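Bear in mind the structure is a predicted one, so any value in this text is a computation, not a measurement. Each ligand, and each atom within it, is numbered from 1 in the order the structure gives.
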Amino acid sequence: MYSVAILGATGAVGGEFLRLFEQRRFPVSSLRLLASERSAGKRLVFQGKEVAVEAVGPRSFEGVEYAFFSAGASRSREFAPFAIDAGATVIDNSSAFRMDANVPLVIPEINGQAMTAESKLVAVPNCSAIVLLMAVAPLRSLGKIERIIVSTYQSASGGGAAMMQRLVDETRDALDPNTQHPTPTNLPPYAFNLFSHNTPINEHGYNEEEWKVIHESRKILGMPELKINITCIRVPVLRAHSESITVEFGTPLSTMPVRGEGAGGGEAIEDAVRRVLSEARGVRVVDDRPGNNFPTPLEASGQEDVLVGRIRRDVSHPSAISLFASGDQLLKGAALNAVQIAEELIKMRSAVSVG
Ligand code: NAP
């Protein structure tokens, strides 16, 4: 059993940690819930008991063994050193340390080997990168991936609890002129609209979210040269990100070693993609052409698996296939991935101590 802290316990991701610890029977002996001064004294329920939220401070991590950080990059930069000095292992959901060469950036199903029993700080990748790579990484067994082109359909929950509330309020206002919530001006209208991801644009014309997906994906796959083009869009969906993905291989699909009859090309490659994805941990294939039933954010919401479907050859390119994926980014894109990292570390550490 372990002493655990959540920094950002009152947030959209924080709430998922509480549920996951219970569902997965994560071995929590004591739980410290941390947030800003604003939430100090608020009470959250864990295992049927109320736990008071405390304002985070430099001494909040004394006695803590696993600290889950989910309160933004500046809080991670400020408090991770205190937590590590106090002896805790920090699993960080923010972008603060992801591209630090000394910090493993981990999706356990894909590159769990990037961390070791000694890792004291492990970063959780960007949520859009996780949904993308859960769908794409298994395809490496079919051939060398040269290039990925992806467009995202990102939900409000990716922007935290406040953005979800904003979508609900604006939708109510749009439907009912008698309810008018104050409209903050930092975003385009959200109800019945969609807009380019609300992060700053760099000198290449890419926003911060797009740039994170490109660079984090290369680091996770260990493919620094991988070509990725991406467009990130927010859509008026409350929860779960979706992505339209095209994967270009280094060799024509017709030459790929696929199993079964008709090896090489045609339907066989699509079957091979389905097989590889259905064997991949954390992925569920939803690819019912006759029923026109494919991944949706609503179906992905609350699910641990990333849903993948619309599997088809790209008719415009001899080496490419296209997919559509939906994944709950509060779960696999954040809290679940973090808990899985902790579970792996616990396993590694008990193997070391038994050895
Ligand atoms: P959120 O709903 O806005 O929650 C933010 C949390 O951070 C709240 O608990 C908030 O506490 C706390 N916080 C904010 N400022 C603080 C401060 N100065 N000191 C201490 N605590 C502070 O955001 P979220 O969506 O849960 O995201 C949290 C983190 O996870 C972010 O780093 C985000 O980039 C990352 N992440 C989010 C997602 C996602 O899908 N939402 C996915 C991957 C990663 P108060 O309630 O006291 O303000």
Side-chain angles (χ1 to χ4, degrees), residues 5-20 32-44 51-61 67-80 82-83 90-98 105-107 122-134 152-168 184 186-187 197-199 208-209 212-213 216 232 234-235 237-243 297 300-302 306 326-341:
I6 305 171
L7 172 55
T10 51
V13 176
E16 297 303 326
F17 278 117
L18 294 175
R19 274 185 282 281
L20 285 169
R32 201 168 289 172
L33 301 181
L34 304 167
S36 75
E37 291 282 356
R38 292 180 290 275
S39 305
K42 195 172 169 181
R43 304 182 88 77
L44 302 177
V51 183
V53 177
E54 301 164 47
V56 67
R59 305 190 56 185
S60 297
F61 302 95
F68 295 88
F69 275 40
S70 210
S74 38
R75 259 71 61 195
S76 293
R77 281 193 206 96
E78 185 178 353
F79 291 107
F82 290 113
V90 173
I91 299 159
D92 183 28
N93 264 307
S94 83
S95 59
F97 307 106
R98 288 179 187 152
L105 179 64
V106 173
I107 303 173
V122 181
V124 176
N126 168 278
C127 49
S128 301
I130 294 180
V131 173
L132 172 68
L133 296 184
M134 288 299 288
T152 69
Y153 306 72
Q154 295 185 222
S155 63
S157 52
M163 193 178 273
M164 293 172 84
Q165 190 57 49
R166 178 170 180 158
L167 176 56
V168 170
N186 61 338
L187 287 181
H197 196 275
N198 49 305
T199 44
E208 218 168 65
E209 180 85 350
K212 284 179 189 169
V213 175
E216 293 180 25
C232 287
R234 279 227 192 268
V235 295
V237 162
L238 266 183
R239 184 165 171 156
H241 290 352
S242 300
E243 304 188 6
S301 293
V306 171
S326 297
D328 189 325
Q329 92 303 327
L330 291 176
L331 289 176
K332 186 57 193 164
L336 173 63
N337 197 76
V339 173
Q340 289 172 323
I341 286 171

Output field: ring centroids Phe68/Phe17 closer than 6.0 Å: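 Between Phe17 and Phe68, which both carry aromatic rings, the centre distance is below 6.0 Å.
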
Phe97 and Phe69 aromatic centres sub-6.0 Å: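 So the answer is no for these two rings.
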
Arg43: salt bridge (Lys or Arg N to Asp or Glu O under 4.0 Å) partners, not counting sequence neighbours: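 Partners of Arg43 by the salt bridge (Lys or Arg N to Asp or Glu O under 4.0 Å) criterion, ordered by chain and then number, come out as Glu50.
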
Pairing residues for Arg19 by the salt bridge (Lys or Arg N to Asp or Glu O under 4.0 Å) criterion, not counting sequence neighbours: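 By the salt bridge (Lys or Arg N to Asp or Glu O under 4.0 Å) rule, Arg19 matches Glu16.
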
Sidechain-backbone polar pair: Ser39 side chain, Ala35 backbone, donor-acceptor under 3.5 Å: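 Here the side-chain-to-backbone pair does not exist.
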
Shell of residues surrounding ligand 1, defined by a 4.0 angstrom heavy-atom cut-off that is strict: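 Heavy-atom contacts below 4.0 Å: Gly8, Ala9, Thr10, Gly11, Ala12, Val13, Ala35, Ser36, Arg38, Ser39, Val56, Ser70, Ala71, Gly72, Arg75, Asn93, Ser94, Cys127, Ser157, Gly158, Gly160, Ala161, Gln329, Leu330, Gly333, Ala334.
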
Side chain to side chain donor-acceptor pair (under 3.5 Å) contacts in which one or both residues fall within residues 326-335, not counting sequence neighbours: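 Output for this query lists Glu109-Lys332, Ser155-Gln329, Ser157-Gln329, Arg239-Asp328, Ser242-Ser326, Lys332-Asn337, Lys332-Gln340.
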
